[in-house]
Visitor: 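Before anything else, here's the structure in question.
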2 protein chains.
Amino acid sequence: MIVILLILCQIVLLMKYILQDLKVNINNNIYLKDPESSDLGKKIVEFSILLINDIGFDSFTFKKLGAKIGSNESSIYRYFENKHKLLLYLTSWYWGWLEYQLVFTTNSISDAKEKLTKAIEIITRATKEDSAFSHINEVLLNKIVINEYSKSYLTKEVDNENKEGYFSIYKRLINRIKDMIIEVDNTYRYPTSLASTVAEGALHQHFLRDHFSSLTDCDDQITPTTYFIDLVFNSLNHTTNG
Amino acid sequence: MIVILLILCQIVLLMKYILQDLKVNINNNIYLKDPESSDLGKKIVEFSILLINDIGFDSFTFKKLGAKIGSNESSIYRYFENKHKLLLYLTSWYWGWLEYQLVFTTNSISDAKEKLTKAIEIITRATKEDSAFSHINEVLLNKIVINEYSKSYLTKEVDNENKEGYFSIYKRLINRIKDMIIEVDNTYRYPTSLASTVAEGALHQHFLRDHFSSLTDCDDQITPTTYFIDLVFNSLNHTTNG
DNA sequence: ACAAAATTAATAGTATTACTATCATATTAT
DNA sequence: ATAATATGATAGTAATACTATTAATTTTGT
């Protein structure tokens, strides 16, 4: 009976996802006007991903984006205060989307090790397929996160923005992984640091693979997933299983 | 006999260090004119560290630096093409300085595990003391590296700049750690990734401790050093010692 | 000591960025 | 039909990221 209910729940979630009723819930102080609420807003999000991926966040401007979507610079400013806020929006969306996959996929797994393995897989893999339902290209967004995410928090305003809750989705995601680590080994002393190391480290290893191949073992054969699963499980089960 | 020679070597190194004859060798395409070659150059380096630490790299400009040192914007441009190159210079100096400490300290250690432990200690600890001999404040520079280093390579120009050798000191440092890892356990499959994870991850854990305490276990008691030594040695010795 | 060379300072100028403000026009809701 | 709302067009400002030129100062070679 309970099993059937659980399965039904998942089907509902799956349908929501497919029908794009899924909406990543982003702190509404990040935007001035919800970009999901209009065609222009969606276009801003859609094409900013393409443009940032293309020319990089540093040389990305609202003027260039306006030109790209045949719209006015000042119209874009009605949605986002500045490009930094737009980056916060995009990366929050990405982490929310990852969190969704994480929860959805690991939900039904009861074995703690298997669950953690799956979780690591999800946060360390490269996004390979665009969902094709929405205006958001997840493959490119994943690349943007690899190349630009650090810039969203390596600022002088980070403490204020953190207080405002601009990073709460990311923090919740790391927290979920931390909990899964504890479930595997509650004697391990650094579950939070390990969780943040995996998430941040995975982005870094992907970056190194693309630009500094001499600084990583990751290549076509070895993925960041392989490496981090090994790393994590070498640290856990160590004290408990000996 | 050989032992005495080795000791003498170290004494010479130490004296060089104390007398500041030590000069970190930075790729000379990073600067237009060697800042070590003049008073103004040294002032630029000295005060850029103070200013970047103070207002952050993003709002740092050569105009502001000029005002701070009572010199002209255009004079600074004769030393560095732009502030990005200056950041490359400062971070290269930092990694060179760390590499020096690494080589100097681990040089005499013959036990592989002890050597690696010491190495991890050096690259993961927070710089606490300014050497006081030079114009460079290493404590602040360490903070700058924590807050800004990623920005030096998360750019569209990274592949070209890498080819030019702008990151060679950092790469050499990671490579040294990798070699030490292999010396401890030559069956471990990801020595390079582990080395880069420790170096990058340490900066990240320091940052988290300062701004996202819920994402790290590091605090006054637990240092990134403690965490990473545990992490590394859990992965090594695993297959060999069981 | 003095001329030549090199370095630094001062000023000005350009193109771009990162916005803000205003007003006109188009769309939509009632 | 009218009001409300969204978007577009234009203009304008202050700051940034430089380059160029010329003047003043310092260093160096003889």
Side-chain angles (χ1 to χ4, degrees), chain A residues 28-48 51-52 54-90 135 148 151-152 154-157 160-161, chain B residues 28-48 51-52 54-90 135 148 151-152 154-157 160-161:
Chain A
N28 58 18
N29 289 316
I30 287 181
Y31 48 78
L32 295 168
K33 183 181 170 179
D34 186 357
E36 286 299 312
S37 71
S38 75
D39 279 0
L40 180 62
K42 282 178 205 154
K43 256 190 157 180
I44 289 171
V45 170
E46 178 178 2
F47 286 91
S48 67
L51 190 54
I52 291 172
D54 202 26
I55 65 175
F57 184 69
D58 296 335
S59 45
F60 169 87
T61 68
F62 281 179
K63 194 168 197 173
K64 289 176 187 170
L65 178 60
K68 187 136 186 156
I69 63 181
S71 180
N72 203 276
E73 193 190 0
S74 58
S75 304
I76 300 167
Y77 275 107
R78 284 205 195 82
Y79 286 84
F80 295 101
E81 252 176 275
N82 49 48
K83 70 175 184 171
H84 173 245
K85 288 281 180 82
L86 172 59
L87 181 62
L88 286 173
Y89 181 88
L90 295 177
H135 51 293
E148 323 284 1
K151 295 173 192 169
S152 76
L154 295 178
T155 68
K156 281 280 166 185
E157 296 77 33
N160 282 328
E161 295 189 346
Chain B
N28 58 17
N29 289 314
I30 287 181
Y31 49 76
L32 296 169
K33 184 182 169 175
D34 186 358
E36 287 298 313
S37 72
S38 76
D39 279 0
L40 180 62
K42 282 177 205 155
K43 256 189 158 182
I44 289 170
V45 170
E46 177 177 3
F47 286 90
S48 67
L51 190 53
I52 291 173
D54 201 28
I55 64 176
F57 184 69
D58 296 336
S59 44
F60 169 87
T61 69
F62 281 178
K63 194 167 197 173
K64 289 175 187 169
L65 178 60
K68 188 138 188 154
I69 63 181
S71 179
N72 204 277
E73 193 190 1
S74 57
S75 304
I76 300 167
Y77 275 107
R78 282 205 201 81
Y79 286 84
F80 295 101
E81 253 177 273
N82 49 48
K83 69 174 183 171
H84 173 245
K85 287 281 179 81
L86 172 58
L87 180 62
L88 286 173
Y89 181 88
L90 294 177
H135 52 292
E148 323 284 2
K151 297 173 190 168
S152 76
L154 296 179
T155 68
K156 281 280 166 185
E157 296 78 33
N160 282 329
E161 295 188 346

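Just so we're on the same page: letters track the sequence lines, and every chain starts at 1.
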Visitor: Whole angstroms only, please: what is the OH-P distance between A/Tyr79 and D/dT5?
Guide: 14 Å

Visitor: Starting at NZ of A/Lys42 and ending at P of D/dT7, how long is that distance when rounded to a whole Å?
Guide: 12 Å

Visitor: What are the 5'-most and 3'-most nucleotides of DNA chain C lying under 4.0 Å from any heavy atom of chain B?
Guide: C/dT7 to C/dT11

Visitor: Output the residues of residues 67-76 of chain B in contact with DNA chain D, where contact means a heavy atom of the residue under 4.0 Å from an atom of the strand; sort by number or write none.
Guide: B/Glu73, B/Ser74

Visitor: Let me know, please, whether B/Lys83 or A/Lys33 comes out on the 5' side of the other along DNA chain D by nearest nucleotide.
Guide: A/Lys33

Visitor: Report the residues that fulfil salt bridge (Lys or Arg N to Asp or Glu O under 4.0 Å) with B/Asp34, sequence neighbours left out, ordered by chain and then residue number.
Guide: B/Lys23

Visitor: What orientation do A/Phe62 and A/Phe60 show, parallel under 30°, tilted 30 to 60°, or perpendicular over 60°?
Guide: perpendicular

Visitor: Is the number of heavy atoms from other residues, nucleotides or ligands within 6.0 Å of CG (A/Asn28) greater than 12?
Guide: yes

Visitor: Nearest 0.5 angstrom please: A/Glu36 CD to A/His135 NE2, how far?
Guide: 4.0 Å

Visitor: Which pairs count as side-chain hydrogen bond (donor to acceptor under 3.5 Å, both in side chains) when at least one residue sits in residues 54-65 of chain B, sequence neighbours excluded?
Guide: B/Asp58-B/Lys151

Visitor: For B/Leu154 versus A/Glu148, what's the shortest heavy-atom pair and its separation?
Guide: O-OE1, 4.5 Å

Visitor: For B/Leu40 versus B/Tyr79, what's the shortest heavy-atom pair and its separation?
Guide: CD2-CE1, 3.8 Å

Visitor: At under 4.0 Å between heavy atoms, what does B/Phe80 touch on the DNA or RNA strands: base, sugar-phosphate, or nothing?
Guide: nothing

Visitor: Would you kindly give the OH-to-P distance between B/Tyr77 and D/dT19, to the nearest whole Å?
Guide: 7 Å

Visitor: Would you compute the distance between atom NZ of B/Lys83 and atom CG of B/Leu90 and round it to the nearest 0.5 angstrom?
Guide: 12.5 Å

Visitor: Name every residue in residues 58-65 of chain A that has at least one heavy atom under 4.0 Å from any atom of DNA chain D, in order of residue number, or write none if there are no such residues.
Guide: none

Visitor: Ignoring the backbone of B/Arg78, work out which of D/dC18, D/dG8, D/dT21 is nearest its side chain.
Guide: D/dT21

Visitor: Between atom CD in B/Glu81 and atom P in D/dA20, what is the gap in whole Å?
Guide: 13 Å

Visitor: If I take atom NE2 from residue B/His84 and atom CG from residue B/Asn82, how far apart are they, to the nearest 0.5 angstrom?
Guide: 7.5 Å

Visitor: Step by step, work out the side-chain contact (heavy atoms from CB on, under 4.5 Å) result for A/Phe80 and A/Ser48.
Guide: CA-CA 12 Å; A/Phe80 295 101; A/Ser48 67; over 6 Å; no

Visitor: Which donor-acceptor pairs under 3.5 Å do the side chains of residues 69-78 of chain A make with protein atoms, sequence neighbours left out?
Guide:
unit_1: A/Asn72; atom_1: OD1; unit_2: A/Ser74; atom_2: N; d: 3.1
unit_1: A/Asn72; atom_1: OD1; unit_2: A/Ser74; atom_2: OG; d: 2.8

